[in-house]
Amino acid sequence: MVQTQLDVALELPASVDELAGKLTYVTPEHAAMVAGRRAFFKYRDLGLTDATGGLARAQVTCATDVMEQTGWHYHICDVHFVYALRGWIELQFEDGRTIRVETGESLYIPPGLKHNETAISPDLELFEMSVPAKMETVACERPAHLPADF
């Protein structure tokens, strides 16, 4: 059998038991609610952080009865991806775009891109994933080239 570069890089465990021990299955009834970046959202942990040793995070972000603009910020991470399960969220970006992500739509936000979450629907539920699991959020000023009312 020819060993590929990928096989060598992964160093796959010899035992199926070891792999099966990392298998993570989470039901809505057993998904832990965890603290997150914003006090006005609820976060349901999907077990990926523990399963990957912090390599990646997956969660469901849910609206509460309160919505606050997040203020301008950016993230330090390799990947930040959201998929709207229900409702919508509106974001402003430093390139002047405003995007409303609605049910069934997704958004990848490149690391370092400044943005501001400005509005959500009361029924918002987002699948959110980041790499690494600990994604840093850095508050910043509204980009100076944007109009004051943006």
Side-chain angles (χ1 to χ4, degrees), residues 4-95 97-143 150:
T4 68
Q5 193 173 24
L6 180 61
D7 292 333
V8 172
L10 291 178
E11 297 181 20
L12 295 175
S15 164
V16 172
D17 287 338
E18 188 174 342
L19 285 175
K22 295 179 182 181
L23 182 67
T24 301
Y25 174 70
V26 178
T27 65
E29 298 79 28
H30 297 102
M33 298 304 284
V34 296
R37 294 185 314 276
R38 310 289 177 200
F40 55 88
F41 283 136
K42 296 183 296 186
Y43 300 92
R44 186 178 305 121
D45 180 49
L46 300 178
L48 193 60
T49 300
D50 288 344
T52 64
L55 178 67
R57 174 183 50 87
Q59 66 187 24
V60 176
T61 302
C62 304
T64 62
D65 292 334
V66 177
M67 170 54 194
E68 300 172 15
Q69 288 193 18
T70 58
W72 285 94
H73 64 282
Y74 61 91
H75 301 292
I76 299 173
C77 60
D78 295 322
V79 174
H80 183 204
F81 175 82
V82 297
Y83 177 83
L85 299 167
R86 182 173 25 175
W88 55 266
I89 184 168
E90 197 166 273
L91 302 97
Q92 297 173 325
F93 291 90
E94 67 179 303
D95 68 353
R97 280 189 282 179
T98 297
I99 297 176
R100 180 178 281 204
V101 183
E102 299 189 23
T103 302
E105 298 177 348
S106 66
L107 181 66
Y108 165 71
I109 303 173
L113 183 65
K114 296 174 184 172
H115 58 283
N116 181 17
E117 298 162 21
T118 57
I120 60 171
S121 65
D123 62 341
L124 175 69
E125 284 192 7
L126 294 175
F127 168 78
E128 187 172 7
M129 182 176 173
S130 71
V131 175
K134 185 173 170 58
M135 176 177 73
E136 294 187 49
T137 300
V138 179
C140 61
E141 296 295 321
R142 177 184 51 78
F150 187 81

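What you see below is based on every heavy atom in this structure, not just the backbone, and it leaves out hydrogens, waters and symmetry mates. Throughout, residue positions are numbered sequentially from 1 according to the sequence presented.
- Judged purely by distance below 3.5 Å, without hydrogens or angles, the side chains of R57 and S130 pair a donor atom with an acceptor atom.
- Across P122 and A63, no two heavy atoms sit closer than the pair O-CB, 3.5 Å.
- The structure places CG of L91 at 5.5 Å from CD1 of I109, a figure rounded to the nearest 0.5 Å.
- Counting only distance, with no hydrogens or angles, the side chain of H115 and the backbone of Y74 share no donor-acceptor pair below 3.5 Å.
- One finds the OG1 atom of T118 at 8.5 Å from the CZ atom of R100 (value rounded to the nearest 0.5 Å).
- Side-chain N or O atoms of E125 include none that pairs as donor or acceptor with a backbone N or O of L85 at under 3.5 Å.
- A pairwise comparison of heavy atoms in G54 and P132 identifies O-CB, 3.8 Å as the closest pair.
- If you take OH on Y83 and CG on L107, they are separated by 13.5 Å, rounding to the nearest 0.5 Å.
- The two residues L124 and I120 have their closest heavy-atom pair at CD2-CG2, 3.6 Å.
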Can you list the steps and then say if F150 with T98 is a side chain to side chain contact (heavy atoms under 4.5 Å, CB included)?
-> CA-CA 9 Å; F150 187 81; T98 297; 3.5 Å; yes

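- Counting only distance, with no hydrogens or angles, the side chain of T24 and the backbone of K22 share a donor-acceptor pair below 3.5 Å.
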Would E117 and I89 count as a side chain to side chain contact (heavy atoms under 4.5 Å, CB included) if you check the C-alpha gap in whole Å, the side-chain angles of each, and the deciding distance to 0.1 Å?
-> CA-CA 7 Å; E117 298 162 21; I89 184 168; 4.0 Å; yes

Full working for side chain to side chain contact (heavy atoms under 4.5 Å, CB included) between H30 and Y25 | CA-CA 10 Å; H30 297 102; Y25 174 70; over 6 Å; no

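- Judged by distance alone, the side chain of D95 and the main-chain N or O of R97 form a donor-acceptor pair under 3.5 Å.
- Taking 4.5 Å as the limit, every side-chain heavy atom of V79 sits out of range of all side-chain heavy atoms of M129.
- Residues E94 and G112 share a closest heavy-atom pair of OE2-O, 3.8 Å.
- W88 contributes atom CH2, which lies 12.5 Å from atom CD of E105 (distance to the nearest 0.5 angstrom).
- Looking at residues two or more places apart in sequence or on another chain, you find a side chain to side chain contact (heavy atoms under 4.5 Å, CB included) between T61 and F41, Y43, Q59, L126, E128.
- Side-chain contact annotation: D123 with S121, donor-acceptor N/O pair under 3.5 Å present.
- To the nearest 0.5 Å, the span separating CZ on R86 from OG1 on T103 amounts to 8.5 Å.
- In this structure, CG in L113 is found 10.0 Å from NE2 in H73, a value given to the nearest 0.5 Å.
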